[in-house]
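Below is one structure, written out as structure tokens, with a few remarks after it.
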Amino acid sequence: MGSVIRPGDPVDAALALGFTPLGAYLVSHRKGGAVGPLCLLAGLSAVTYAAGAYGSRADWPAADWAVGLAALTWAPPLLAGCTLLLLLVPDGKLPGPRWRPVAAVAIIAIVLFTVTAALIPADDGRSPIAIEALRPLQLFTLPIVGTLAAIAAVSAVGLVVRTARARGPLRLQLLWICVGAVLAVLGAFLPALVPLPGAGVPFILALPICVAVAMLRHDLYDTSLPLRRFLTLALLAGALVLLYLLVVRLTGTTIPATVAVAVAVEPLHHWLGRAAGRILYGGRSDPQEVHARLARRLADTSDPAGILAAVGDAVVEAVRTPYARIELGGHDEPLKIVERGRPAPVTLTVPLRFQGEELGAVLVSRESSGDRRALDQLALQAGAALAAAHRAAALQRSRLLLVTAREEERRRISRDLHDGLGPVLAGIGFTVDAAGNALAANPDQARGLLTQIRTQVHEAGTSVRGVVRGLRPPELAQLGLARAIEQSVAELRAGGLPIDVTITDTSTLTAAAEVALYLVAREALTNAVRHATPTHCTIHLHPAQKGFEITVTDNGSGLPPHTHPGTGLTSMRERIEELDGTLTIQSAPSGTTVRAWIPQ
């Protein structure tokens with residue numbers, strides 16, 4: 001191999017020109033980890049090329065030492081590029097611990113080959129650092145080269161496997177790197193098969209070119225903004241030079257050309273900036289402009305619907321999707337929804353989060369390599385505004401549900417009074433009239449009517465106590481939470497339903513918390529008995545997560561699908577959420593679990 005790639009070979013120049021700028025960018029921007037220094041190692045190839053070219057003139061001063069320098073520096077960039085670099089792209093980390101021995105063997109093999117290639121005398125015998133006594137070590141060169149070739153092949157295969165397993169933008173980034181890596185490995189060892197100067201140059205250059213494509217088209221290493229600025233300035237410089245030369249050619253003087261350049265520089269800069277954005281981002285809009293417009297829209301509105309509308313407009317602008325849907329809140333029961341475009345099948349869903357809290361989701365009907373990244377950036381920018389909108393919408397929904405629940409409660413009380421207590425009182429009135437009429441003529445009938453009145457009064461008292469119980473259970477004040485729950489389940493146990501009750505110390509609960517937890521237990525048991533026909537139920541009340549949790553479980557038939565919550569379930573949820581708690585209901589054919597948690 002060393003006899004094929006000689007000092008001054010064009011492969012050295014290709015390595016230096018292709019990898020050194022990339023390494024300089026990565027190191028200066030602290031991106032890519034060890035990939036940047038490995039790319040900068042290619043700068044030694046420039047030294048090799050220059051030293052080889054200088055050493056080719058044997059009559060020049062110190063030409064032999066230039067040959068020795070070239071012999072010492074040509075191998076590391078080439079061998080590291082087709083072995084270690086393939087293991088570490090794109091983030092500078094090995095794919096896993098099992099690759100550590102491969103990397104270690106590669107480093108040892110590179111060092112051994114570099115030393116032997118530099119110290120074993122060449123055919124011309126000009127290198128002053130060569131040692132004649134080490135010529136027998138030339139036999140070990142072939143095994144070392146074979147080891148390096150095997151490592152290069154394994155690294156390339158590993159890169160292909162990583163590409164196949166990757167998803168989203170990373171897969172497209174790795175796909176370009178993978179193509180360039182395979183060609184680079186071929187180019188590194190091609191001169192050993194085709195002894196033609198420069199035979200491996202196109203293959204060697206394939207890797208940095210493919211990395212550049214991944215950086216330009218798929219934002220590898222977050223290069224979109226600096227590349228956009230560089231491309232804008234390059235296009236502006238070229239356009240101004242052409243304008244200057246054109247005006248000078250037409251007028252024959254430099255003064256009009258200078259004036260034309262001064263006048264055109266600002267509009268050209270603006271227009272070429274947008275053109276550079278289209279070149280870099282393809283069908284997507286320039287993220288910088290989209291973010292600026294979104295910031296202005298968010299600054300002009302505080303209404304949840306307006307905030308969601310601003311995010312929806314930004315999503316359409318950012319990814320050019322024909323349909324976008326922004327949901328605030330849970331997917332099953334969102335607080336607010338904004339849609340843009342004509343409804344179409346959703347292909348990409350990006351969650352909206354702020355400080356670890358999931359606020360909603362963005363759903364679009366178009367997915368390309370950069371769409372998810374663009375939407376993630378939009379979600380990050382609008383996170384604080386979306387969090388405020390989420391809280392405002394949740395508060396609005398909570399107030400609406402609270403008013404609805406209270407109106408339902410009033411309707412229930414009105415119905416109980418009208419259908420229960422009202423007829424009883426009316427009946428008492430009629431009976432009193434009848435007793436008065438029969439008092440003189442038939443005293444026995446009057447006494448019977450008075451007995452009936454007593455019964456009706458008792459029924460009226462029972463109805464009144466039922467209404468009062470619905471407002472605030474009196475047994476809580478009389479018995480406490482634990483005994484009140486035990487009393488509630490006693491009637492069900494008497495009917496033959498086994499109910500296990502486990503309650504820990506509840507002395508620290510507030511009155512509002514006691515009412516909420518008691519009503520949850522009672523309502524959950526009532527619903528289970530009425531609708532699920534269980535054969536066993538359990539109630540468990542205990543401290544949990546800086547609060548108290550009650551769990552009511554039954555082994556009944558569960559809730560039917562698509563069940564809409566009635567007044568009882570709505571009232572339970574509202575009472576718990578009023579105390580900043582949570583209520584969850586899990587139902588299956590094997591039973592239902594109602595779990596409520598209230599902070600302490």
Side-chain angles (χ1 to χ4, degrees), residues 1 5 11-48 73-96 98-111 113-114 144-145 147-163 166 170 173-191 200-215 218 220-221 223:
M1 187 172 178
I5 304 179
V11 171
D12 296 322
L15 282 169
L17 292 175
F19 286 95
T20 304
L22 174 61
Y25 172 82
L26 294 179
V27 171
S28 62
H29 288 77
R30 298 181 180 180
K31 297 182 182 296
V35 174
L38 281 177
C39 291
L40 278 182
L41 187 64
L44 287 178
S45 296
V47 176
T48 302
T73 57
W74 73 268
L78 181 65
L79 299 178
C82 61
T83 55
L84 295 176
L85 186 61
L86 302 189
L87 290 175
L88 297 172
V89 291
D91 56 1
K93 299 178 182 178
L94 291 173
R98 60 185 177 183
W99 289 94
R100 292 174 184 171
V102 178
V105 173
I107 294 173
I108 295 172
I110 291 172
V111 172
F113 184 85
T114 300
I144 296 175
V145 171
T147 301
L148 289 169
I151 293 175
V154 169
S155 302
V157 171
L159 184 58
V160 172
V161 173
R162 280 192 287 152
T163 303
L170 178 61
Q173 294 170 355
L174 286 176
L175 184 60
W176 280 102
I177 298 175
C178 185
V179 172
V182 172
L183 294 177
V185 171
L186 293 176
F189 295 95
L190 185 64
V201 170
F203 298 91
I204 292 294
L205 288 176
L207 182 55
I209 290 174
C210 288
V211 171
V213 172
M215 294 169 65
H218 305 293
L220 178 65
Y221 301 128
T223 54

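Keep in mind it's a predicted model, so treat the numbers as computed, not measured. Below, each value reflects all heavy atoms present in this structure, side chains not excepted, and no hydrogens, waters or symmetry copies.
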Problem set entry | Atom pair CG/CD1 of Leu79 and Ile107 - distance to nearest 0.5 Å | 12.5 Å
For this session: Check Thr163 against Cys178 and note the closest heavy-atom contact, atom names and distance.
Result: OG1-CB, 3.7 Å
For this session: With Leu159 as reference, evaluate Val179, Leu85, Val89, Leu87 under the side chain to side chain contact (heavy atoms under 4.5 Å, CB included) test and give the passing residue.
Result: Val89
Exercise. How many angstroms lie between atom CG of Leu86 and atom CD1 of Ile151, to the nearest 0.5 angstrom?
Worked result: 11.5 Å
Exercise. Mind checking whether Pro90 and Leu174 have side chains closer than 4.5 Å, heavy atoms only?
Worked result: yes
For this session: Locate the shortest heavy-atom distance separating Pro76 from Leu41; write the atom from each residue and the value.
Result: O-CD2, 3.9 Å
Problem set entry | Over all atoms of both residues, closest heavy-atom pair of Ile144 and Phe113 | CG2-CB, 3.7 Å
Exercise. Which heavy-atom pair separates Leu148 from Ala106 by the least distance, and what is that distance?
Worked result: CD2-O, 4.1 Å
Exercise. Just how far is it from atom CG of Leu38 to atom CG of Leu88, taken to the nearest 0.5 Å?
Worked result: 6.0 Å
